[in-house]
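Single-structure report; data block below.
Being a predicted model, the structure only gives us computed values, none of them experimental. Letters go in sequence order (proteins before strands), and every chain restarts at 1.
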Number of protein chains: 2
Amino acid sequence: MEVTGHTRGPASIRDVAAAAGVSYQTVSRVINAHPSVRPATRARVLAAVEELGFRRSATALALARGRSRTVTVLTADTTHYGYASILRGVEEAARAAAYSVGVGVLESADEAAVAAEVRRAADVGGGLVVIAYDPAGVRALEAVPAGLPVVGVVETPASPPADDRPWVWTDDREAAYRATRHLLSLGHETVHYVAIPSDTRPASARIAGRRQALTEADAPQPPPVQGGWGPAGGYAAGLKLAGDPSVTAILCGNDDLALGVLRALHEAGRPVPGEVSVAGFDDAPHSAYLTPSLTTVRLDFTGLGRAAFALLHGALEESAPITPHPVSAPELVVRESSGRPGPTDGG
Amino acid sequence: MEVTGHTRGPASIRDVAAAAGVSYQTVSRVINAHPSVRPATRARVLAAVEELGFRRSATALALARGRSRTVTVLTADTTHYGYASILRGVEEAARAAAYSVGVGVLESADEAAVAAEVRRAADVGGGLVVIAYDPAGVRALEAVPAGLPVVGVVETPASPPADDRPWVWTDDREAAYRATRHLLSLGHETVHYVAIPSDTRPASARIAGRRQALTEADAPQPPPVQGGWGPAGGYAAGLKLAGDPSVTAILCGNDDLALGVLRALHEAGRPVPGEVSVAGFDDAPHSAYLTPSLTTVRLDFTGLGRAAFALLHGALEESAPITPHPVSAPELVVRESSGRPGPTDGG
DNA sequence: CTGAAAGCGCTTACAG
DNA sequence: CTGAAAGCGCTTACAG
């Protein structure tokens, strides 16, 4: 029964129709699970689909429907832990819904460059998830033309999420509040902060959370020092702070920053946690294995990504299941890098 | 002159034609830079394109041409440094060539699951880059149907790269050779190895490189210990090795593994590099900031990703510029974690 | 140098 | 329940 001699190229809806002895519209109905098809007809079509290895063309579908089953993630970075984890969450959820996922990187925060990247992403025809943790991302979110389905992943919602442009976020305010309180409760006089770029915005939730904790404790409010995203920036910031003997507790915008700070303190001869306590954000995979292991606040980036997709999916398809998409609350993970202050408290 | 009252939706080729007073075929010629168009006509069309904000539909283009300007990266992971960097390299090159990039994650190495993921990626209609560093990726590369443009990113080429299915790789054999030699040259009797999953394959280039260095030095050849991809696996492997006092040098399949090993040695009370030397692969951003900072072999993953795209681009388009795509050779980076052996050599 | 026709593989009304 | 028509926005021959 070796009759697999198709003409050429993948089988189309018409090939299937011919094989099943029906019109191609009927094939369309079957593959779209349209109710009004006689069971016998359906069976014949399905058999032909199977036999020819038919796969419906996503491109043709997109052209005919005017919208493609694609979500493209716009982000300034794909390698740092938080960004990468959000991307992963989106991909997981998209895959489960049989969506394709694209990624566009915002190489620069330059207005024209960002606009170009947004256009390119829009050309793909699906929905957008914009990671707006940094200037480039924030700008991209603003540049998305009205009518294009988009959900933003933001640090702090700038205003109540509009129905047509929803946002997802983690409770960074609470996260910073808890971490600061933890450090304060250990007996530190105040808590310094090494900021990631997103914290630059006046409305930063983390800055606000830390401020609140500091205020409640009547502690001094030293200004945040900029650290960037990676270990190198943390190292530079750490060197600065290490020179000030009054500094005994440092909270960092992410674990990579904290790693750099740890190194700077080591070089400056200031033991952690003996003299200085350090905490980060994210709970990246390696943080538990550093020496000293890092106290941090675990943030559910993957859940955030999944939630973003769920929202987009709902906007894109009426019939999309309104799946619950819980984003776990930030969780303080206390490890070796934080302890009571004191010149020689080490045990 | 506020005449921006288009009917609805984005402008199509016909809208532009109407505005310019030509047929839509002429518009097609202009946007495709076809030579035979009168300059004056071209100018009129271009003006209309500008005025209407026309963007050619990628979907329609793909349907008409039978191929889309997309590259989708198939990978078992998007978060680990090596994988993420390759993805970034592909994205950079693809963006420069005005290609879209998609990503498909191989959640399981299960044959059926991998095949389904490959089909999904194929449905998108462009080319594929498959990261085949692990069983899932290797299987995916095999499952790609003939005729679909694909380039594999592999640890070791299994055979001379076929013309229709090229491969890119870093010289892992050389990298492992150099790292092992470095450790040996410090005076260690032999070098243990904590492997990443890709090293499981009998043809592993790294295993071969290390073996060669060991053989040349007439050193014992302890079998590799499996570590997985992350710090947790490195930690477990490190605990095992730490218990053996004869172990004084450990090479790890990647920097995350090395980080876990470092932690295990610390807990076991074996100072690095005083008693044991450790080296990794990759030179991840944080490796220079660990304490001790990590000796490692820098691998050009981003260049690898760019090279993979260049190859694919060439296969997809006759006219694609044959851009040189150099992948830097592995580079040994000596830091604090490696030193001369000896119970108490610490300075 | 430019226009009219057919087709890429589907879907969405419209008939029957 | 099923088929014939028109159209999604382009490109690719074919004419002129």
Report task. Give the C-alpha distance, both sets of side-chain angles, the deciding distance and a yes or no for salt bridge (Lys or Arg N to Asp or Glu O under 4.0 Å) between B:E91 and B:R88. Result -> CA-CA 5 Å; B:E91 197 279 338; B:R88 172 148 57 115; over 6 Å; no
Report task. Could you pull out all residues at least two apart from A:A62 that satisfy side-chain contact (heavy atoms from CB on, under 4.5 Å)? Result -> A:S68, B:T59
Query raised in the report: Under a 4.5 Å cut-off applied to non-hydrogen side-chain atoms, are A:V153 and A:V130 in contact?
Result: no
Report task. Just jot down the side-chain contact (heavy atoms from CB on, under 4.5 Å) partners of B:D123, sequence neighbours excluded, or say none. Result -> A:R55
Query raised in the report: How would you label the contact of B:R56 with the nucleic acid (heavy atoms, under 4.0 Å): base, sugar-phosphate, or nothing?
Result: sugar-phosphate
Report task. Pull out every residue in residues 116-124 of chain A that has a heavy atom closer than 4.0 Å to any atom of DNA chain C, ordered by number, or say none. Result -> none
Query raised in the report: With sequence neighbours left out, what residues match B:R56 under salt bridge (charged side-chain N to carboxylate O under 4.0 Å, His left out)?
Result: none
Query raised in the report: Passes side-chain contact (heavy atoms from CB on, under 4.5 Å), B:W167 versus B:V151? Steps please.
Result: CA-CA 5 Å; B:W167 288 318; B:V151 7; over 6 Å; no
Report summary line: The complete set of ring-ring contact (aromatic ring centres under 6.0 Å, His included) pairs with one or both residues in residues 15-47 of chain A, sequence neighbours excluded, reads none
Query raised in the report: Heavy-atom contacts under 4.0 Å between residues 20-42 of chain A and DNA chain C, which residues?
Result: A:Y24, A:Q25, A:S28, A:N32
Query raised in the report: In chain order, what residues pass the side-chain contact (heavy atoms from CB on, under 4.5 Å) check against B:A109, with sequence neighbours excluded?
Result: B:P135, B:A136
Query raised in the report: Considering heavy-atom distances to DNA chain C, does B:R44 or A:R14 have its closest nucleotide positioned more toward the 5' end?
Result: B:R44
Query raised in the report: Would B:V144 and B:R165 count as a side-chain contact (heavy atoms from CB on, under 4.5 Å) if you check the C-alpha gap in whole Å, the side-chain angles of each, and the deciding distance to 0.1 Å?
Result: CA-CA 10 Å; B:V144 174; B:R165 184 157 301 196; 3.8 Å; yes
Query raised in the report: First contact, last contact: which nucleotides of DNA chain D are these for chain B, 5' to 3', heavy-atom distance under 4.0 Å?
Result: D:dG9 to D:dT12
Report task. Please work out if B:R55 contacts a base, only the sugar-phosphate, or nothing of the nucleic acid, heavy-atom cut-off 4.0 Å. Result -> sugar-phosphate
Query raised in the report: Starting at the 5' end of DNA chain D, what dot-bracket string do you get if Watson-Crick and G-U pairs under 3.5 Å are bracketed, crossing pairs use [ ], other-strand pairs use | and unpaired bases use dots?
Result: |||.||||||||.|||
**Report entry** Sequence-distant partners of B:Y99, ring pair (Phe, Tyr, Trp, His ring centres under 6.0 Å), two or more places apart
**Finding:** B:F309, B:H313
Query raised in the report: With sugar-phosphate meaning primed atoms plus P, OP1 and OP2, does A:L63 contact a base, only sugar-phosphate, or nothing at under 4.0 Å between heavy atoms?
Result: base
**Report entry** Carboxylate-amine/guanidinium proximity below 4.0 Å for B:E117 and B:R120
**Finding:** yes
Report summary line: Applying salt bridge (charged side-chain N to carboxylate O under 4.0 Å, His left out) to A:E111 and not counting sequence neighbours gives none
Query - Set of residues satisfying salt bridge (charged side-chain N to carboxylate O under 4.0 Å, His left out) with respect to B:R67, sequence neighbours excluded - result: none
